[in-house]
Amino acid sequence: MHVQGSHWSSAVATGGALSASTGASRADGGRTTPLRVDAQRNLEHVLRAAREVFGELGYGAPMEDVARRARVGVGTVYRRFPSKDVLVRRIAEEETSRLTEQARTALGQEDEPWSALARFLRTSVASGAGRLLPPQVLRVGVAEERGLTDHARLPQQRTQGAGELRLVPERPVGGAAEDDAGAAQLLDVVGQLVDRARAAGELRPDVSVADVLLVIATAAPSLPDAAQQAAASARLLDILLDGLRSRPA
């Protein structure tokens, strides 16, 4: 998972971004009109290419790489997404929503707490969503107090007994509230999976929501061969799941 090249914080929601997300283009007078068939096809190619490129290279990958993968001109990409940040936001929002739905499905369809958590992790890793988790979900904060400076913490942890989720605020920009709302939904549902497994005594008491999300990101390596990637992900996840599970005293 690579997020260090991202210009995430500078994204501003624009009419162009809205058009891209709704599959419609703005017309004079503020009306929307359906995209032409070729324009819609190009949009789908760009989104598919962006997911592949950002998944392989991180959100720091240039728009030119996305355009080459989509086999369109870079101008076509910018017509749909006025800046790279708008495209990054679109992809990360989709992946956050997908992970949230996967967590809700596991929560609703598995009676056993450990089975529910394991199902969510296996489904998420198999989908490759971990490579596209938004930066604000994986951003690491370090405690400033003396004696805690060596303890890296993800600020989104659901700490035992705290009953709340905290996100480290970024500088205010357009669309930030929506981003944090989507991330908070994901963290809340995953928090329920974690709480259930911990209460059942099947999850190590020190495991947090942040740890679970790190597992998803870590167990989704990007390898050139699809079969090798699937095998490596499955094997790594088995090891990580074993590490998450509580042991009899």
Side-chain angles (χ1 to χ4, degrees), residues 1-102 124 126-138 170-183 186 217 220-226 229:
M1 174 69 190
H2 306 283
V3 298
Q4 57 265 35
S6 174
H7 301 287
W8 182 271
S9 300
S10 62
V12 177
T14 66
L18 177 62
S19 299
S21 65
T22 59
S25 58
R26 298 293 294 182
D28 291 340
R31 296 178 293 117
T32 60
T33 58
L35 292 174
R36 298 193 318 270
V37 173
D38 58 338
Q40 180 64 37
R41 184 167 54 246
N42 284 342
L43 173 60
E44 292 169 357
H45 288 168
V46 168
L47 289 172
R48 185 181 304 112
R51 282 189 287 269
E52 293 174 358
V53 170
F54 293 147
E56 294 169 9
L57 304 177
Y59 284 124
M63 292 283 263
E64 288 77 9
D65 285 2
V66 174
R68 278 194 292 271
R69 185 72 62 92
R71 297 184 179 181
V72 299
V74 71
T76 297
V77 179
Y78 278 108
R79 277 195 295 275
R80 299 269 61 87
F81 301 94
S83 72
K84 175 187 167 183
D85 295 315
V86 175
L87 177 57
V88 166
R89 187 181 299 280
R90 169 71 181 270
I91 297 299
E93 284 176 350
E94 289 182 350
E95 294 308 306
T96 300
S97 178
R98 177 161 62 148
L99 280 171
T100 301
E101 287 307 308
Q102 289 170 347
S124 300
S127 72
R131 292 190 294 274
L132 292 166
L133 279 168
Q136 81 267 26
V137 172
L138 285 177
E170 296 179 343
R171 61 175 180 268
V173 293
E178 290 81 357
D179 291 339
D180 283 351
L186 171 62
S222 180
L223 301 176
D225 181 82
Q229 179 173 299

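Numbering of residues begins at 1 and proceeds along the displayed sequence. Since we're looking at a predicted model, the values are computed, not measured.
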Let me confirm one number: the NE2-CD distance from His45 to Gln40, rounded to the nearest 0.5 Å.
10.5 Å
Enter the distance from Tyr59:OH to Asp85:CG here, rounded to the nearest 0.5 Å.
12.0 Å
Salt bridge (Lys or Arg N to Asp or Glu O under 4.0 Å), that's the test. Do Arg90 and Glu94 meet it? Break it down for me.
CA-CA 6 Å; Arg90 169 71 181 270; Glu94 289 182 350; 2.7 Å; yes
Closest approach of Ala49 to Ala70 (non-hydrogen atoms, all atoms of both residues):
CB-N, 3.5 Å
Spatial distance of atom CD (Glu52) from atom CG (Leu57) [nearest 0.5 Å]
11.0 Å
Are Leu87 and Leu47 packed together at the side-chain level, in the sense that at least one heavy-atom pair is separated by less than 4.5 angstrom?
yes
Answer whether the closest heavy-atom distance between the side chains of Asp65 and Phe54 falls below 4.5 Å.
no
Nearest heavy atoms of Arg51 and Ile91, plus distance in Å
CG-CD1, 3.8 Å
Atom of Gly182, atom of Thr96 and distance for their closest heavy-atom approach
O-CG2, 3.4 Å
Any Leu43 side-chain heavy atom under 4.5 Å of Phe81 side chain
yes
Please tell me if the side chains of Arg80 and Val46 come closer than 4.5 Å, counting only heavy atoms from C-beta onward.
no
Does a salt bridge link Arg98 with Glu101, judged by any charged N lying under 4.0 Å from a carboxylate O?
no
Where is the tightest heavy-atom contact between Lys84 and Ala61, given as atom of each residue plus distance?
NZ-O, 3.0 Å
